[in-house]
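First the structure, in the form of C-alpha cells, and then the observations on it.
Keep in mind it's a predicted model, so treat the numbers as computed, not measured.
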Amino acid sequence: MLGIIGAMDIEVEALYERMTETEVRTIAGMEFHKGKLEGTETVVVRSGIGKVNAGICSQILADCYHVTEIINTGVAGSLKAEINIGDIVLSSTAVQHDVDAGVFSYPPGEIPGLGIREFPADEKLLALAKECCERVNPEIQVFTGRVASGDQFIDSKEKKTRIHDTFDACCTEMEGAAIAQTAWLNKIPYLIIRSISDKADDSAHMDYDVFEAKAAANSVRLVTAMAKALSH
Ligand code: SAH
C-alpha cells in the first residue's frame, strides 16, 4: 500500500478524483482516501499544515494502513537562485530548520537523543521520481537535494538566507521533515516531492498566491506517474 500525503486540498484533490474503488475513513480529523490510483493500492490524505499534523498523519498511515512507502506531494519555497517557480525538488534528505539544541552542542536541526540530524529519502523512489519527472514534466527542471522544514512560512531574504546557509537546502516548507522523521522511526521508505510556488523571499506571499495551483499540479502529475509505474 502506497501512502501519499499533501498538506492542503489543492495538493491532493486531483488525486482523489483519479482514484477508483475509494473508501474514506476519518481519523484524527483527517480523511484517509483508500483505493486505487493508476492501478496501485494507495491511501491519499490531506494532513493539514505544519509538522505536528504531518507527523500524526504519517504515523496513522503506518499503524492503520501499513503503508510500504510514503510520498509527500506539495509546494515549497525555493532557497536557491537556479531553482525557479514551477521546478521540482526531490528530497535527498530532510531536516527540521526550527530545531535548535545548540546549547547542548547539537548541530542545528538535530533532535537530542535521536542520533541523526537529517533523514535520508529512499533511493529507489528517488530514481523512479527522476525518471517519471523527465517524462511527464519535460518543460521544468528537476533538482535533488536537502529539504528544510519548519513551522514557519518563510517570506524574507533574512530568514531564507539563514536556512540556506545553515542547511544548504534546496527548498523550504512546513511538513516534509516531520513525514521523513516518522518514516525513519517506522522504517518506511519515503520521498518528498515539492514543486516551487515562491522563492521564500520578500515577494513570497504574492508569488505563492499566484503560483500555488500550477506548482501543486506539477507535483500531482509526477506522483500520478509514479503510482502508474509502481503498478507494473
Ligand atoms: N494559504 C494557506 C497557508 C499556506 S502555508 C492558508 O491560507 O491556509 C504554506 C504551505 O505551502 C505549507 O503547507 C508549506 O509546506 C508550503 N510552502 C510553500 N512555500 C513556503 C514557504 N516559503 N515557506 C514555508 N512553507 C511554504
Side-chain angles (χ1 to χ4, degrees), residues 1-76 88-91 94 119 121-122 124-126 128-129 131-133 135-137 147 149 173-184 186 188-195 197 212-232:
M1 178 83 68
L2 168 66
I4 300 176
I5 300 177
M8 301 178 287
D9 282 332
I10 201 162
E11 295 166 330
V12 289
E13 267 169 351
L15 295 171
Y16 296 158
E17 281 162 22
R18 293 187 83 100
M19 291 175 83
T20 56
E21 301 166 42
T22 310
E23 286 167 31
V24 182
R25 200 174 145 199
T26 303
I27 309 171
M30 299 170 194
E31 278 184 7
F32 291 79
H33 293 235
K34 175 170 144 298
K36 284 200 169 158
L37 179 65
E38 305 289 319
T40 294
E41 292 282 346
T42 307
V43 197
V44 180
V45 54
R46 184 198 69 180
S47 62
I49 291 169
K51 294 195 302 175
V52 175
N53 280 327
I56 290 170
C57 185
S58 307
Q59 191 61 47
I60 294 170
L61 285 178
D63 291 342
C64 303
Y65 293 95
H66 307 289
V67 293
T68 46
E69 299 96 5
I70 299 179
I71 297 177
N72 174 214
T73 174
V75 300
I88 282 189
V89 173
L90 307 171
S91 60
F119 307 97
D122 182 64
K124 279 195 212 137
L125 287 173
L126 192 51
L128 181 65
E131 178 203 312
C132 291
C133 199
R135 194 154 34 82
V136 299
N137 286 321
V147 174
S149 314
E173 37 80 308
M174 302 173 68
E175 298 84 18
I179 294 168
Q181 181 180 337
T182 312
W184 181 79
N186 290 277
I188 299 169
Y190 89 90
L191 181 69
I192 302 167
I193 297 172
R194 294 278 177 163
S195 179
S197 54
E212 178 196 42
K214 185 177 173 280
N218 288 346
S219 190
V220 160
R221 200 174 305 119
L222 171 52
V223 174
T224 308
M226 289 177 74
K228 189 168 188 174
L230 287 169
S231 74
H232 298 315

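Between the OH atom in Y16 and the CD1 atom in I4 there is a gap of 10.5 Å [rounded to 0.5 Å]. Distance CE/M1 to CD/E41: 5.0 Å, rounded to 0.5 Å. Considering OG1 of T68 and CD1 of I188, their distance stands at 8.5 Å, rounded to 0.5 Å.
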Residue pair K36, M19: steps toward the side chain to side chain contact (heavy atoms under 4.5 Å, CB included) verdict: CA-CA 5 Å; K36 284 200 169 158; M19 291 175 83; over 6 Å; no
CA sep, side-chain torsions, deciding dist, call: S91, F119, side chain to side chain contact (heavy atoms under 4.5 Å, CB included): CA-CA 10 Å; S91 60; F119 307 97; over 6 Å; no
CA sep, side-chain torsions, deciding dist, call: R194, E11, side chain to side chain contact (heavy atoms under 4.5 Å, CB included): CA-CA 10 Å; R194 294 278 177 163; E11 295 166 330; 4.2 Å; yes
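Using a 4.5 Å heavy-atom threshold, the side chains of M226 and L2 count as separate. With a 4.5 Å cut-off on side-chain heavy atoms, L191 and L128 do not count as touching. You'll find the side chain of T42 stays beyond 4.5 Å of the side chain of L15, heavy atoms only. At least one side-chain heavy atom of I10 sits under 4.5 Å from a side-chain heavy atom of E212. At a threshold of 4.5 Å between non-hydrogen side-chain atoms, the residues L90 and L222 count as touching.
Here the closest heavy-atom approach between residue A62 and residue V67 is recorded as N-CG2, 4.3 Å. Taking both residues in full, the closest heavy atoms of I179 and A54 are given as CG1-CB, 3.8 Å, listed atom of the first, atom of the second, then distance. When all heavy atoms are compared, the tightest approach of G55 to A178 is N-CB, 4.1 Å. Taking every heavy atom of both residues into account, H33 and E31 meet most closely at NE2-OE1, 3.1 Å. Between Y190 and A183, the closest heavy-atom pair is CB-CB, 3.7 Å. Closest non-hydrogen pair, L61 versus G3, comes out as CD1-CA, 4.2 Å.
Under the rule for a side chain to side chain contact (heavy atoms under 4.5 Å, CB included), the partners of S195 that lie at least two apart in sequence or sit in another chain are I88, A215, N218, S219.
One N or O on the side chain of N53 and one on the backbone of I49 form a donor-acceptor pair closer than 3.5 Å. Of the possible polar contacts, none joining the R46 side chain to the M8 backbone as a donor-acceptor pair under 3.5 Å is found. Put simply, the side chain of E175 gets close to the backbone of G50: a donor and an acceptor are under 3.5 Å apart.
Salt-bridge check for E38 with R18: passed, with a basic side-chain N closer than 4.0 Å to an acidic carboxylate O.
For the side-chain contact (heavy atoms from CB on, under 4.5 Å) with I5, the lone residue among I71, I70, V44 that qualifies is I70.
Note on ring orientation: taking the six-membered ring where Trp is involved, the planes of F32 and Y65 are parallel (angle under 30°, cut-offs 30° and 60°).
A side-chain donor from one of Q59 and N186 sits under 3.5 Å from a side-chain acceptor of the other.
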